[in-house]
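Written below as C-alpha cells is the structure these notes are about.
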Amino acid sequence: MRIDAITLFPDMFGIVRDAGVTGRAHKQGIWSMQTWNPRDFTTDTHRTVDDRPYGGGPGMVMMAEPLIQAVCAIREDRARQHQPDAPVVLLSPTGRPFTQSVANSLAASTAGAAFVCGRYEGVDQRFIDQYVDEQWSLGDFVLSGGEIAAIAMIDATVRLMPGTLNHGDSSLQDSFQDSLSGLLDSPHFTRPEKLDSVAVPEVLMSGNHAHIARWRREQSLMLTLEKRPDLIEQARKKGLLSAADERFLTALKT
Ligand SMILES: C[S@@+](CC[C@H](N)C(=O)[O-])C[C@H]1O[C@@H](n2cnc3c(N)ncnc32)[C@H](O)[C@@H]1O
C-alpha cells in the first residue's frame, strides 16, 4: 500500500516511516510513503503557501494552488508507476472521526491514501470542495497541524496490514476490533508472577484455555461497561453479545 502526504513538515513523517513496527514494515516493502511539500509547487521567490483570510480575522489560510499542484503531482507519479489513484484525505477537526473500522478499511485497500495536512487556520475551501474526497478527524480537539493526525492514522493502519506484527493475530485482540465485538481489551500481565505481593490472576496461570478466554471476555465486558458503555450498546445492536455475555452484564449491574 502506498501513502502520500502533502505537508509543510515532511521530516515529521520519519517517526512512522523509520521507527518501530511501522518502520520495519516499511523496510520490508509492506507499505511505502512519499511526502510532497506545497512549497515545492510555488512560483514566487518567498515560496508562499499561505495568505490572509478574506473577510478578515486572525491567522492565515493555506492557499489552494500549491495544494492543487501537489495533488496533480501525486496523480501523475502514481500513473507513471502504474499504481492506482488514491482518495485525497484532508485531516480536519471537522472531518468524520477516524476509528478502528476506518483503519481496517484503509489497511485492506490497495490504493492507500493521499493525506493533506493543514496548518494555520485551515485550507482554502475551494481546494476542499474540488479536490478532497474525504475528511477525517483524530478527535474532538484542535492540533496545530494535520501531520500528527496523519501519522497516528498511518500507524493505526499499517499495524493491521498482514506481515507487520510479529504475531499475526495480535491485532485481532485489540480494543475496538470486530473480533473483540468492538469492546475494550482485557488487562495484560507478564513476569514476575508476584509484584510487591500482588499476584497475577490465578486463572491466567491455570493453563485452562477456555477459562482464560472467558475471564478475558468478562474483563473486557466489565471495563467497557465502566469506561465506554456506548460500545456495549453498539455490540448489542450488532448482535455481537452472547447469552453468557448478557448474563454477566446483568449480574454486574445487580
Ligand atoms: C489549527 S488547525 C485549524 C483548525 C480550524 N480553524 C478549526 O477550528 O476547525 C490546523 C490544521 O490542523 C489539522 N488538525 C487540527 N486538529 C485536527 C484534528 N482533530 N484531526 C485532524 N486534523 C486536525 C487540520 O489539518 C487543520 O487544518
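Ligands are counted one by one from 1 in listed order, and the atoms in each one are counted from 1 as well.
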key: Nitrogen or oxygen of V142 less than 3.5 angstrom from that of ligand 1   = no
key: Non-hydrogen atoms of V61 and V123 that approach each other most closely   = CG1-C, 3.9 Å
message = Check for me whether V123 has a heavy atom closer than 4.0 Å to any atom of ligand 1.
response = no
request  = Give yes or no for whether the N/O distance cutoff of 3.5 Å, strictly under, is met between L143 and ligand 1.
outcome  = yes
request  = Can you establish whether the number of heavy atoms outside E202 located under 6.0 Å from its atom CD is more than 12?
outcome  = no
key: D196 atom CG, neighbour heavy-atom count above 12 within 6.0 Å   = no
key: A19 backbone acceptor or donor facing T22 side chain under 3.5 Å   = yes
For atom 17 (C) of ligand 1, closest protein heavy-atom neighbour = P93 CD, 3.6 Å
remark   = Nearest non-hydrogen protein atom to atom 24 (C) of ligand 1, with distance, is L91 O, 3.1 Å
ask   = In terms of residue, atom name and distance, what is the protein heavy atom nearest to atom 20 (N) of ligand 1?
value = L138 N, 2.9 Å
ask   = Does the pair R47/D40 count as a salt bridge with the N-to-O cut at 4.0 Å?
value = yes
task = Looking only at protein heavy atoms, identify the closest one to atom 10 (C) of ligand 1 and say how far it is in Å.
result = Y120 O, 3.3 Å
key: Nitrogen or oxygen atoms of V116 and ligand 1 under 3.5 Å apart   = no
query = If you measure from each non-hydrogen atom of A149 to ligand 1, which part falls under 4.0 Å: side chain, backbone, both or neither?
reply = side chain
inquiry  = Just to check, does F98 reach to within less than 4.0 Å of ligand 1 when the distance is taken from its heavy atoms?
reply    = no
key: Backbone or side-chain N or O of E121 under 3.5 Å from ligand 1 N or O   = yes
query = Taking all non-hydrogen atoms of both residues, which atom of G112 and which atom of P87 are closest, and how far apart?
reply = O-CD, 3.4 Å
